[in-house]
Each structure stands twice: as structure tokens, then as C-alpha cells.
Amino acid sequence: MKKFLTVLVLSATAFTAQAKFNDVDVTHPYFHSIEALQAAGIVEGHEVEGRQMFFPLSKINRAEALKLILLST
């Protein structure tokens with residue numbers, strides 16, 4: 001019974017996953033990686049007109065790349 005409840009709770013949370021960034025939904029190929037980096041405090045995203053955005057397809061500069069490397073180590 002306990003195992004069944006655990007599976008049920010995990011299944012329910014999988015279907016109710018919400019993106020923390022408005023431009024990255026759960027169907028995005030890197031959704032889970034972006035969410036993990038955000039939860040670890042490595043990436044923050046940008047606030048645009050009151051919405052939290054990530055811009056997953058935009059290029060980053062050398063300073064941003066260095067920040068990612070240093071925060072992830």
C-alpha cells in the first residue's frame with residue numbers, strides 16, 4: 001500500500017509540473033536541466049514586464065559563461 005501511494009504521488013507531481021520560466025514549458029528538451037540549475041541557484045533568468053523569462057535559445061557572452069562555470073563548481 002505504501003509503495004502504491006508513493007507511485008501515485010510521484011505520478012501526480014509529474015503531471016502538474018509547472019515551469020518557473022514563462023518561456024520554458026515542460027515540453028522543452030532542456031526543461032529539467034534548466035529547472036535544476038535554477039533550483040541550485042546557478043541561473044536566475046530575466047524579469048520582463050513582470051514575467052520571469054529564461055531565453056533558452058539566446059547566446060551568452062564570456063562573462064555569463066564564466067559565471068555559470070564558477071557557480072557550478
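- Here T73 contributes atom OG1 and L71 contributes atom CG; the two are 8.0 Å apart, rounded to the nearest 0.5 Å.
- We find the CD1-CD1 distance between I34 and I42 to be 13.0 Å, quoted to the nearest 0.5 Å.
- Atom OH of Y30 has 12 or fewer heavy atoms from other residues, nucleotides or ligands within 6.0 Å.
- Side-chain heavy atoms closer than 4.5 Å link hydrophobic residues (I, L, V, M, F, W, Y) into clusters, and following such links, even through other members, never connects V26 to F55.
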Contacts table for residues 44-54: side-chain donor-acceptor under 3.5 angstrom, sequence neighbours left out:
from	atom 1	to	atom 2	distance (Å)
Q52	NE2	E44	O	2.7

Counting only pairs under 3.5 Å, give me each side-chain donor-acceptor contact of residues 59-66, with atom names and distances, residues two or more places apart or in other chains.
from	atom 1	to	atom 2	distance (Å)
N61	OD1	A63	N	3.1
N61	OD1	E64	N	2.8
E64	OE1	N61	N	2.9

